[in-house]
Amino acid sequence: MPLFFSYFPIVFLIYLMTRRNSMPSYKALPLCALLLYFIMLVVFARDPVLVHAAVLDGLLIAWTPIVIIAGAIFLFRTMEATGAQATIRAWLNTVSENKVAQLMIVGWAFQFLIEGASGFGTPAALAAPVLVGLGFPAVRVAILCLILDTVPVSFGAVGTPTWFGFSAIDLSAAEITEIGIKSSIINGIAAFVVVFIALSFLVERKALVQNAVFIVLSILACALPYVAIAFVSYEFPALLGGGIGLVLTIAFARLGWGLSQAPINVRDFQEQDSQERASEETRPQVSLGALLKASFPLWGTVLLLIVTRIPQLGIKELLLLKEPAWILELGSLGVLSVSASLVVSLQSIFNTPETWSHSLLYVPSFIPFGVISLITLYLYRSGQGRRVVNETLVQMQNPVLALLGALVFVNLMMMGGDQSAVALIGQSLAELTGAYWQFFAPFLGALGSFFSGSNTISNLTFGGIQDSIALGLGLDRTTILALQSVGGAMGNMVCINNIVAVASVLALGNKEGYIIKRAVLAMLAYGVVAGISGVLI
């Protein structure tokens, strides 16, 4: 009975969001969270105090993705209002008018770099609006960006999913390094499949074949340094691999290596009107100064993320100071504290072990999005600030409801330790597959990301289960844990938080179910490649 009711809320949520007349996420997620709330109380007979503490914790945790999405939307709206978006579009057309090249530069290499610096669903939120500005259809762009923001995820946010995600397991430094190496190799192999799948949502097969050499060169430009760096560090493979790959991909596009001269038909492409096309034909080349100014929201964001994420620079430590500077007793609600670096915490929620904290200056919202947006408005002497704020608030109304529901749902699914609904699902899957577990291990990792929106949390949640399964079945533990990490990465494309985020930034409305149904096909292919690769390495 508990196992049935562990699966039921997930199946019901997927049904609501993927049926023909799908329910929007801002209704489906709160509804499923409410259903799960009663299941926890009635079926699992959880302590009501613990359940209510988990609900409050989920409502508070939700504000992390909410403020990130709000910051990304604010930056995007700022780029539109100042004309920076139009300048970047004009420059990308001077690099190459080839649509495949543009998709690989922004959707693949640029996202790779952003994932290495930040994670948190930031890459798709930044890359997708740039591609839509180039005329690519918004829904298809969302699918492409979600699928492509997977390969670097095992080392996203300066390697956090690897070095912190498996911190609860007793692993030697050599074993953690080996997990990182194997993760990079498996992800690198999968890249050659998922990149072509992602592109196929926008580009016809004929164009993919004609431009295949360029696509492979761009994949290698990111993947080779990514794998090579994993042999010496599990913090910087995605960050350095993305940086090197972005520079090389732009160079390949300028040189035209592997690019076809034949016109490319993009599905549902939004052609500019004739007057705008004519003005672009007579427009002079974008100067270096104009390009630097217009792209400041992008490179400024990347630079600020890197500066605040690399521990050796010392700023990260300052932004994460947790020593309370101010404490307020809130009775049974808990103890609220704020540190000197604005880390807000609520301890002992309802007198339980549940705690919540939010690093206001570290979570990518005000820094870098808010700061960079304000500087951009100043650089352009734009008087559009009030309009940008209003547009952001309007666009955030439904995502707030969706994410509040999502994080309560996640918290309830994960409460109970080894007897949580998520753990029961993992254990049942392991029993069903037996010795063939390594073919299914990535999908357990993906399940963790689907719920939590984080490869790190997926590794923290399922790492111990994966390790015990490996030991029980006599499988190589570093390989199984690498497959867990790869699964957490591939689950990024179907994770609720990320889908809501990119759909919100692009103002797609009720399209989350449509996106999930298509992204899951790519995830299945990724999982098959990962499972086979795990056997071979």
Side-chain angles (χ1 to χ4, degrees), residues 64-65 68 111-124 146 148-169 171 173 175-188 190-191 222-223 226-227 229-230 233-242 305 309-311 316 320 362-364 410 414 422 426 441-467 477-495 497-498 523 526-527 530 534:
T64 295
I68 293 170
Q111 280 203 122
F112 210 109
L113 170 62
I114 299 297
E115 181 62 45
S118 175
F120 289 102
T122 310
L146 287 164
L148 293 185
D149 184 25
T150 47
V151 174
V153 169
S154 293
F155 304 94
V158 199
T160 304
T162 299
W163 64 262
F164 182 70
F166 294 119
S167 60
I169 306 172
L171 295 168
E175 286 175 318
I176 296 175
T177 299
E178 189 173 352
I179 290 168
I181 292 169
K182 290 180 177 180
S183 299
S184 70
I185 294 172
I186 296 170
N187 279 326
C222 291
Y226 167 82
V227 174
I229 294 163
S233 168
Y234 42 73
E235 292 181 321
F236 300 112
L239 183 61
L240 295 179
L305 282 170
R309 262 57 184 171
I310 297 179
K316 177 179 179 179
L320 290 173
Y362 183 74
V363 169
V410 166
M414 296 177 70
V422 167
F443 294 102
L444 183 58
L447 183 67
S449 286
F450 171 77
F451 283 122
S452 65
S454 167
N455 192 2
T456 301
I457 295 178
S458 178
N459 289 348
L460 284 168
T461 304
F462 289 122
I465 295 173
Q466 295 270 23
D467 192 40
R477 72 187 305 209
T478 59
T479 299
I480 296 300
L481 290 175
L483 289 170
Q484 158 63 36
S485 185
V486 169
M490 76 185 195
N492 210 50
M493 70 177 79
V494 294
C495 132
N497 294 6
N498 290 348
M523 189 199 71
Y526 201 131

Completion exercise
Rounding to 0.5 Å, atoms CG (L171) and CD1 (I179) come to a distance of 4.5 Å
Handout entry: Donor-acceptor side-chain pairing of N492 and N498 below 3.5 angstrom
Key = yes
Problem - Sidechain-backbone polar pair: S449 side chain, C495 backbone, donor-acceptor under 3.5 Å - result: no
Practice task
Locate the shortest heavy-atom distance separating Y526 from V151; write the atom from each residue and the value.
Solution key: OH-CA, 3.6 Å
Exercise for the section: I would like to know whether F166 and E175 meet side chain to side chain contact (heavy atoms under 4.5 Å, CB included); could you show each step before the answer? Expected result: CA-CA 11 Å; F166 294 119; E175 286 175 318; over 6 Å; no
Exercise for the section: Check G445 against Q466 and note the closest heavy-atom contact, atom names and distance. Expected result: N-NE2, 4.2 Å
Handout entry: Interatomic spacing from CG in L239 to CD1 in I114 - rounded to 0.5 Å
Key = 9.5 Å
Handout entry: S485 backbone acceptor or donor facing S154 side chain under 3.5 Å
Key = yes
Practice task
Report yes or no: does T150 contribute a side-chain atom to a donor-acceptor pair with the main-chain N or O of M490 at less than 3.5 Å?
Solution key: no
Fill in the blank from the handout: Note: V486 and A530 closest approach over all heavy atoms is CG1-CB, 3.9 Å
Problem - Gap separating the OH atom of Y362 from the CG atom of L320, nearest 0.5 angstrom - result: 6.0 Å
Handout entry: Side-chain donor/acceptor of Y226 to backbone N/O of N187, under 3.5 Å
Key = no
Handout entry: Reported CD-to-CG distance for the pair E115 and L148, which is rounded to 0.5 angstrom
Key = 12.0 Å
Handout entry: Exercise: identify the closest heavy-atom pair between L483 and A441
Key = CB-CB, 4.0 Å
Exercise for the section: Output yes when a side-chain donor or acceptor of Q484 lies under 3.5 Å from a complementary backbone atom of S458, and no otherwise. Expected result: yes
Exercise for the section: State, to 0.1 Å, how close M523 and G491 come at their nearest heavy-atom pair, and which atoms those are. Expected result: SD-CA, 4.4 Å
Fill in the blank from the handout: Here the gap from T162 atom OG1 to L481 atom CG, rounded to the nearest 0.5 Å, amounts to 10.5 Å
Handout entry: Atom pair CZ/CG of F155 and L240 - distance to nearest 0.5 Å
Key = 12.0 Å
